[in-house]
Structures are given as structure tokens and as C-alpha cells.
Amino acid sequence: SGNVHTTGYFLGTADFDPGTGTFNLASVGGGDVFVSKLEGPDTTDPVVTPPGDVVAEATGPGGAVVSFGSGSASDGVGVVSGPTCVPASGSLFPVGVTTVTCSASDAAGNTGEATFAVTVVDPAGVFRYAGANRFATAAAVVADDFPVASDVSVVFVAVGSNFPDALAGAAVAGKLGAPLLLLVNAASIPAETAAELTRLSPDTIVVLGGTAVISEGVEDLLGGYASTVIRLAGANRYATAVEISQYGFPGGATEVIVATGTGFADALAGGPAAVALGGPVLLTDPNSLPQEVADEITRLAPTRIVVVGGTSAVSATVFSQLQALVANTVRISGSNRYATAVALSVDAFDTGSQRVYVATGLNFPDALAGAAAAGWWQAPILLVPGTSIPADVSAEITRLGASKVIIVGGTSAVSLSVEGALFSMLGATPANPGDAKNCSNFTTQAAAQEWFDFYFPYYGDVGDLDGDDDLEACENLP
């Protein structure tokens, strides 16, 4: 069959391969032996050998950009084109398993394909982002949660010694996928912040707050790290929050979170919740709604306002003023700052979250450093008093179905005992520290005991801190 052309005559044997459409001829004549080939139509599909399965760690809430080889293809007959894989190498793969199909074709129109798996994981367990100070902790958050510098075009910078500007900035930074709180001093850039700015090399740096909180000199220095530096500032903290809202939500917003501008406790968890709800965080005086805030709410035209905190934080008078602007105004609060953060999480993350961030509720820098990252990763931030986990916080972590908990801050802010309780809650196991520490590494018996109690249930006395086996570590220390 097919177009077979011959000349002369043939004496010998012929074997036909129906798979390849090829005649293999062995001919004998005049004492000479020769082999020739007559080809029929090519009906062989190329055999595709894909690259092996790929496992990558997520670098953002969308997953990870994953690159891989194309594999190979051959049919032993004709020239093969490909293989071409879909999704292609260099694509963004979501968290989970994606099947990639690689296909190839030959000149006769035969095609073949094979598949392999790309698995993107957000590793489960308990992790801690911490540094020697608030600036280093903020830099650690950014380094871990924004690992691919080329993905970051905008960085937000706020002062590390106060909270209002960062409270409002967290929602916008989280929405834009921008790191927030590469913290600075009013008149200088800490080394940890400078190093992270160098690594990220953003196009734009957004400075939050006026020159009283971040000087013009610091603004000039920031110009050495980005081609564009923008300052968002108003006459006061309420006006600055409005400026931030206008920058991040120029076309309006579906919801708005309103919190007091005079305290940080209730609003610490507001940034990630605002990202989930699709709106900014605006600040108010506890007893009177600033006019610029009322005007911004009118511009945003939200369908709902969420007031965070009880009447001591945002009074009934302010609530009524807000309700006059948007009828669907609700108050979300709890018996304390920890319960308020839980209530916000329940409202904004009603379908759950694979990640949860945990920070101390007794101070603001760590929680604010984690707020933008949590918002970007579509996760809530919950608060603890430092040495224990309130029952409602534990219940919320369970309700969310979280498999990954990220502690923001060192052990002086969130203790090892809390970390241990979180490991138990998730059914996870900390890494074995080996004998990296002994009693000489601790200054107090209490610190040694905490470290001992954390690791002993998993690995025993790996640091040899309990010489007499009475479960009391480093008893010679004060």
C-alpha cells in the first residue's frame, strides 16, 4: 500500500513491519549481499518521554512559577517536532497537583503525548519568623513570604515606633501583594531593612506618614533603592489613612473596616481581614468621625462598614454617624483584643484558611509586620498574650482548618510553650535541635527549662540539660 516505487527485479526475502509501514529487503545476487528498504506510509505515533514529576514550594498565594525541561520524543521513522508541554515551563502553578501534558507530532501527522505532575506545596507545620529586633523581624517576614524578588515591584515603608500609619497601610499592601513594614527609624534606615530593600530592588517605595514620623532625609535615602518614592501623608493619622485608601482603592471598595486611631489592640487583625473583604482600613477618633473619613467612605461607596472593637474603642455616636453613611454597618468585637481578632477572622475568613499567622497582642510591631503578608497570603492573623493560647483562639485555628501556623516574633513575644501547643494542635513535630545548646547557652534556669520542656516530649534530653534526670533543667542557673 502507499506510494512504493521500484526498478529492476528482486531476488531474496522481504519482511514487512505493519507498525512502521516499512519493507526490509535482504537480497542476494551474483555472490554479492546487499540490503535495501522500501517504505510505505508512516503510521507510527511518536513516543513522548516527559520530564520527571516536579515538586516546588509555593512562593505566593497563587502558587509558584515552575520551570522544567521539555522531555524528548521519537518514533524511529521520521522527524519529530516537540514535545510541547501545557501548561508550559515558566508558568504559574497553583498550590496542589497540576497535570502537565506534553505532546509531539511528526511529518506524517501522527501525534503522541504523555503526562507528568507538578505539585506545589505550602509546607504544613509551625514556623517562626523572628529577628533580633522589630526591624529584623519585619525583614524576616518579608524574606520568607516574598522570596522571589522579581515578583515584588512595590514596597511599603512605615515607622517602627508607632502604629496608626501601618494599620491603614497593611490592607493596601496586602491587596497589592507588596511587603509592608520594612520598618525604619524616623531619621535612619536600619541595616536589616536596607539589606531587604537591596534584595528586592523594587520599582516603587511607598512611604507611609509625614516628615514628623519619617524624615525627608530617610525619604532621600530610600530613593537609592527604587526609581520612584511616593509619600502618602495627611495632616493627621486619620487623613493619612484616607490618603492610603485613595492610593489603594481608587475605584471604590465593597467593604470598609473602621477602627480607632488611638489604640492598636482591636485593629491589629484588621489588615488581613480588610484584604479578604475587599476594602481599606480607615481610622476614627473614638468619639467623633473625622470629616475626611466620612468623605472617603462616601467616595468608596461600600455596601458594608465593619466597625472593629467595642464602644470604648469606637463609640455608639461614631457608629451612628457611620450608619447614616451606609445603612449596613455592623460592629465586630469580643470581650478582649484576642476575642476581637477571632471575631474578625470568623467574619472575613468564613470558609477557612490553610494558613494562620499568630503574634503577640501586647505590642504592635510584630503583628503589623505580619499583617500585609497575611493579607497577601489570604490568611488571618490571630493574637495571643505571649505565654498561652486563649481557648477561643485555639478553637478558631481548628475551625479554619489550618495546616500551617506562622508565629511572628521571637520567644520573648510568643513563648516556646505557645509554639509547643501549636505543634500539638496541628499534630506536627518540631525539628530535632540536636545538642546545639547546653546550660552555658542560657542565662536563667527558666529559659533553659522552657527550651527543655519544648523538646523533651519529642526527643528527650538532647541538650543534656538535666544531669540528674529529675526533669529540672540547668538547676545551677539563677
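Scope of the values below: all heavy atoms of this structure, side chains included, with no hydrogens, waters or symmetry mates.
Between S388 and P390, the shortest heavy-atom distance links the atoms O-CD, 3.7 Å. Minimum interatomic distance between P272 and A379 (heavy atoms only, all atoms of both residues): CB-O, 3.3 Å. Residues A269 and A341 approach most closely at CB-CB, 3.7 Å, considering heavy atoms. Heavy atoms only, all atoms of each residue included: A194 and I189 are closest at N-CG2, 3.9 Å. When all heavy atoms of A276 and A348 are compared, the closest pair comes out as CB-O, 3.7 Å. The minimum heavy-atom distance between Y455 and A431, with the atom names listed, is CE2-O, 3.5 Å.
Contact of the F93 side chain with the V100 side chain is registered, since non-hydrogen atoms from C-beta on lie closer than 4.5 Å. For the pair L300/S245, a side-chain contact is recorded, criterion being any heavy-atom separation below 4.5 Å from C-beta on. For the pair F249 and V256, the minimum side-chain heavy-atom distance is 4.5 Å or more. V346 places a side-chain heavy atom less than 4.5 Å from the side chain of E396. With a 4.5 Å cut-off on side-chain heavy atoms, P302 and I297 count as touching. Within the 4.5 Å cutoff, side-chain heavy atoms of V393 are placed close to those of V342. The shortest distance between side-chain heavy atoms of P380 and L344 does not fall below 4.5 Å. For the pair Y459 and P433, the minimum side-chain heavy-atom distance is below 4.5 Å.
With a 6.0 Å radius and a threshold of 12 heavy atoms from other residues, nucleotides or ligands, D53 has its CG atom above the threshold.
Listed by first and then second residue, the disulfide (SG to SG under 2.5 Å) pairs that reach into residues 80-114 are C85-C102, sequence neighbours excluded.
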List the steps, then state whether side chain to side chain contact (heavy atoms under 4.5 Å, CB included) holds for L368 with F264. CA-CA 10 Å; L368 292 179; F264 63 83; over 6 Å; no
Would you sort out whether V142 and R199 count as a side chain to side chain contact (heavy atoms under 4.5 Å, CB included), showing the intermediate values? CA-CA 11 Å; V142 174; R199 179 185 73 86; 4.2 Å; yes
One pair to check against side chain to side chain contact (heavy atoms under 4.5 Å, CB included): V281 and V308. What are the steps and the verdict? CA-CA 10 Å; V281 172; V308 181; over 6 Å; no
Go through N438 and D464 one step at a time and tell me if the side chain to side chain contact (heavy atoms under 4.5 Å, CB included) criterion holds. CA-CA 6 Å; N438 55 48; D464 196 24; over 6 Å; no
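Going from atom CG of D151 over to atom CG of L92 covers 8.5 Å, rounded to the nearest 0.5 Å. In this structure, T193 OG1 and L221 CG are separated by 12.0 Å, a value rounded to the nearest 0.5 Å. The line from OG1 of T59 to CG of D144 is 12.5 Å long, rounded to the nearest 0.5 Å. Here M425 contributes atom CE and T398 contributes atom OG1; the two are 6.0 Å apart, rounded to the nearest 0.5 Å. Within the model, atoms CZ of R304 and CD1 of I257 stand 8.5 Å from one another, a figure rounded to the nearest 0.5 Å. In this structure, OG on S201 lies 12.0 Å from CD on E196, to the nearest 0.5 angstrom.
Proximity of a side-chain donor or acceptor of T111 to a complementary backbone N or O of S105 within less than 3.5 Å is not detected. Side chain of R134 to main chain of D366: no donor-acceptor pair is present (N/O by atom type, distance under 3.5 Å, no hydrogens or angles). No side-chain donor-acceptor contact under 3.5 Å links R355 to the backbone of P61. The closest donor-acceptor contact from the side chain of Y225 to the backbone of L200 lies at 3.5 Å or more, if one exists at all. Counting only distance, with no hydrogens or angles, the side chain of N110 and the backbone of T44 share a donor-acceptor pair below 3.5 Å. For E243 (side chain) and L232 (main-chain N/O), no donor-acceptor pair under 3.5 Å exists by modelled atom type. Of the possible polar contacts, none joining the T119 side chain to the V97 backbone as a donor-acceptor pair under 3.5 Å is found. Although no hydrogens or angles enter the test, the distance criterion places no donor-acceptor pair under 3.5 Å between the side chain of R337 and the main chain of A267. Under the 3.5 Å distance criterion, the side-chain polar atoms of T340 are matched with a main-chain donor or acceptor of G334. Proximity of a side-chain donor or acceptor of T137 to a complementary backbone N or O of N133 within less than 3.5 Å is detected.
Ring geometry for F146 versus W376: interplanar angle under 30°, hence parallel rather than tilted (30 to 60°).
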